[in-house]
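One structure is given below, encoded as structure tokens.
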Amino acid sequence: MFTVKKHRLAAAGGTVPLVKSANTGGTLAPQFLVVHYTASGPGADIAGYFAKPAAKVSAHLVIGRDGSVTQCVPFDMVGWHAGKSRWIDRKGKLHEGLNRNAIGIEIENWGKLKRVGNGWVSWTGASVDPARVIEARHRLGGPMAGWEVFTEAQIEATLQAALAICEAYGIEEILGHDDISYPHKTDPGPAWDMASFRARVQGRAEDGAGTLVVRSLTGLNLRAGAGIEHALLRPEPLPDGTKVMLHERDGQWCLVTVLDKAGKPAVTGWVHGGFLYEV
């Protein structure tokens with residue numbers, strides 16, 4: 001769907017729209033790809049905001065809820081998206097201040113929500129459709145909260161953009177803002193299935209069984225179907241560290257078989273994929 005030409009994201013009809021940000025640094029040699037959410041509602045002009053010097057923030061791409069893609073910073077220039085951050089890469093090297101070596105993608109999404117009565121509101125007080133909300137605890141801690149789900153259109157657009165970027169620059173590590181800046185930042189949060197996203201970008205097959213591990217301090221509910229409206233299959237959540245075999249995905253939900261302590265199949269059901277990670 002996308003390619004990279006002269007550090008711009010391109011499709012069959014040419015490069016994607018450019019709204020140039022005023023908030024950039026020097027030359028970037030990309031080593032990482034960092035995924036963010038914008039913490040904004042429908043209709044927010046995030047690219048336009050990045051264009052203002054007073055914003056003092058930017059990212060390379062913005063993905064709208066409709067899957068539209070806007071570029072704000074060329075991929076060979078530093079964008080101001082990671083802030084105070086640190087990461088130890090696969091070779092054991094410590095990186096601090098990842099703006100210098102990371103491409104940032106901002107996905108339009110309210111992010112963390114607050115329950116008010118029977119509904120949910122954003123940090124601005126705007127109401128959010130309950131059908132577009134999951135309730136979960138962030139994998140790194142904190143209280144239960146609502147999180148706006150990402151649309152299929154923007155998941156696909158982000159996937160295709162990431163495939164092009166990683167191929168063009170040889171990027172092997174895909175991170176969330178929460179990986180490099182928690183607890184200051186919690187994006188992209190539980191509604192973004194990072195395990196699935198990484199697997200799809202890096203070419204690991206989703207079909208067939210693969211072993212994953214639950215990462216949730218409060219455990220992970222096992223359900224009869226793909227969604228919180230389905231009944232629990234066991235009264236207690238799967239404990240943190242439980243190993244499961246992945247069979248198939250339905251959006252953000254995964255059909256898994258739970259493995260017992262001996263590694264043998266025990267029970268099969270659906271869990272939210274945001275809490276599953278590679279072994």
(Q) Treating T158 as the side-chain partner and Q154 as the backbone partner, does any N or O pair qualify as donor plus acceptor under 3.5 Å? (A) yes

Q: Examine distances only and state if a side-chain atom of Q71 and a backbone atom of V19 form a donor-acceptor pair shorter than 3.5 Å.
A: no

Q: Taking the side chain as every heavy atom from C-beta outward, state whether L9 and T15 have any pair of such atoms under 4.5 Å apart.
A: no

Q. In terms of hydrophobic clusters joined by side-chain contacts under 4.5 Å, are L159 and V16 together?
A. yes

Q: Could you tell me whether the side chain of I180 reaches within less than 4.5 Å of the side chain of R86, counting heavy atoms only?
A: no

Q: Tell me, with the steps shown, if I105 and L33 meet side-chain contact (heavy atoms from CB on, under 4.5 Å).
A: CA-CA 8 Å; I105 299 179; L33 181 65; 3.9 Å; yes

(Q) Please find the pair of heavy atoms, one from V78 and one from V73, that lie closest to each other, and give the distance. (A) O-CG1, 4.1 Å

Q. Would you say the side-chain atoms of E106 pair up with the backbone N or O of I46, donor to acceptor, closer than 3.5 Å?
A. no

Q) Is there a donor-acceptor contact under 3.5 Å from the side chain of W87 to the main chain of L94? A) no

Q: Taking all heavy atoms of A55 and all of N23, pick out the closest pair and write down the distance.
A: CB-ND2, 4.0 Å

Q) Any side-chain heavy atom of I171 sitting closer than 4.5 Å to one from I103? A) yes

Q: Using modelled atom types only, decide if a donor and an acceptor are shared between the side chain of T24 and the backbone of M77 within a distance under 3.5 Å.
A: no

Q.
Check this for me: E236, atom CD, are more than 12 non-hydrogen atoms of other residues, nucleotides or ligands nearer than 6.0 Å?
A. no

Q. If two hydrophobic side chains count as joined below 4.5 Å and joins carry through other members, does V69 share a cluster with Y49?
A. no

(Q) Would you call the rings of Y182 and H138 parallel, tilted or perpendicular, taking 30° and 60° as the class edges? (A) parallel

Q: Give a yes or no on whether the backbone of L28 and the side-chain of N101 come within a donor-acceptor separation of less than 3.5 Å.
A: no

Q | Co-membership, hydrophobic cluster, residues F75 and V201, 4.5 Å side-chain | A | yes

**Q.** Euclidean distance, S68 OG relative to E108 CD, rounded to 0.5 Å
**A.** 7.5 Å

Q.
Looking at S40, is its backbone amide N or carbonyl O close enough to the side chain of S122 to form a donor-acceptor pair, meaning the two atoms are under 3.5 Å apart?
A. no

**Q.** Charged N-O contact under 4.0 Å between D129 and R65
**A.** no

Q.
In this structure, would L163 and F197 fall into the same cluster of hydrophobic residues linked by side-chain contacts under 4.5 Å?
A. yes

(Q) Taking the ring of H60 and the ring of H81, is the distance between their centroids below 6.0 Å? (A) yes

Q. What is the distance from atom OG1 of T218 to atom CZ of R137, rounded to the nearest 0.5 Å?
A. 4.0 Å

(Q) Strictly below 4.0 Å, N to O, side chains only: are E135 and R115 in salt-bridge contact? (A) yes

Q: Tell me whether V62 is reachable from F2 by hopping between hydrophobic residues (I, L, V, M, F, W, Y) whose side-chain heavy atoms are closer than 4.5 Å.
A: no

Q.
Applying side-chain contact (heavy atoms from CB on, under 4.5 Å) to K56 and F50, what does each step give before you reach the verdict?
A. CA-CA 8 Å; K56 297 183 180 180; F50 289 164; over 6 Å; no

(Q) Would you say that more than 12 heavy atoms from the other residues, nucleotides or ligands in this model lie under 6.0 Å from the CD of E156, or not? (A) yes

Q | Heavy-atom pair of closest approach, residues L238 and T242 | A | C-OG1, 3.9 Å

Q) For the atom pair OG1 (T38) and CD1 (I107), what is the distance rounded to the nearest 0.5 Å? A) 9.0 Å

Q. Is there side-chain contact between W147 and N109, with at least one heavy-atom pair below 4.5 Å?
A. no

(Q) Could you tell me if the side chain of P237 sits less than 4.5 Å from the side chain of N221, heavy atoms only? (A) yes

(Q) Just by distance, no angles: are the side chains of T257 and T268 close enough, under 3.5 Å, to form a donor-acceptor pair? (A) yes

Q | E173 side, atom CD; L98 side, atom CG - distance, nearest 0.5 Å | A | 9.5 Å

Q: Taking all heavy atoms of D250 and all of A226, pick out the closest pair and write down the distance.
A: OD2-CB, 3.8 Å

Q: Check whether any side-chain heavy atom of T124 sits under 4.5 Å from a side-chain heavy atom of W110, and report yes or no.
A: yes

Q. Under 3.5 Å, side chain of T70 to main-chain N/O of A47, donor-acceptor pair present?
A. no

**Q.** Distance in Å, S21 OG paired with W80 CH2, rounded so as to fall on 0.5 Å steps
**A.** 8.0 Å

Q. Can you tell me if D240 uses its side chain to pair, donor with acceptor, with the backbone of S216 under 3.5 Å?
A. yes

Q: Kindly give the heavy-atom pair with the smallest separation between V133 and G146, and that separation in Å.
A: CG1-CA, 3.9 Å

Q: Measure the CG-CZ distance between L61 and R8 for me, rounded to the nearest 0.5 Å.
A: 10.0 Å

Q: Return yes if some donor-acceptor pair links the side-chain N/O of R132 with the main-chain N/O of E148 below 3.5 Å, else return no.
A: no

Q) Can the ring centroids of Y37 and W192 be said to lie less than 6.0 angstrom from one another? A) no

Q. Where do S181 and K84 come nearest, in terms of heavy atoms and distance?
A. OG-O, 3.0 Å

Q) With a 4.5 Å heavy-atom cut-off, do V121 and L113 have their side chains touching? A) no

Q. Between D193 and R249, is there a salt bridge with N-O shorter than 4.0 Å?
A. yes

Q.
Between D178 and D187, is there a side-chain heavy-atom distance shorter than 4.5 Å?
A. no

Q | Verdict with reasoning, L222 to L232, per side-chain contact (heavy atoms from CB on, under 4.5 Å) | A | CA-CA 6 Å; L222 186 72; L232 295 175; over 6 Å; no

Q. Does a sphere of radius 6.0 Å around NE2 in H184 hold more than 12 heavy atoms from other residues, nucleotides or ligands, not counting ones at 6.0 Å or beyond?
A. no

Q.
Check for me whether the distance between the ring centres of W253 and H272 falls short of 6.0 Å.
A. yes

Q: Apply side-chain contact (heavy atoms from CB on, under 4.5 Å) to the pair C72 and S58, showing each step before the final yes or no.
A: CA-CA 7 Å; C72 301; S58 64; 5.5 Å; no

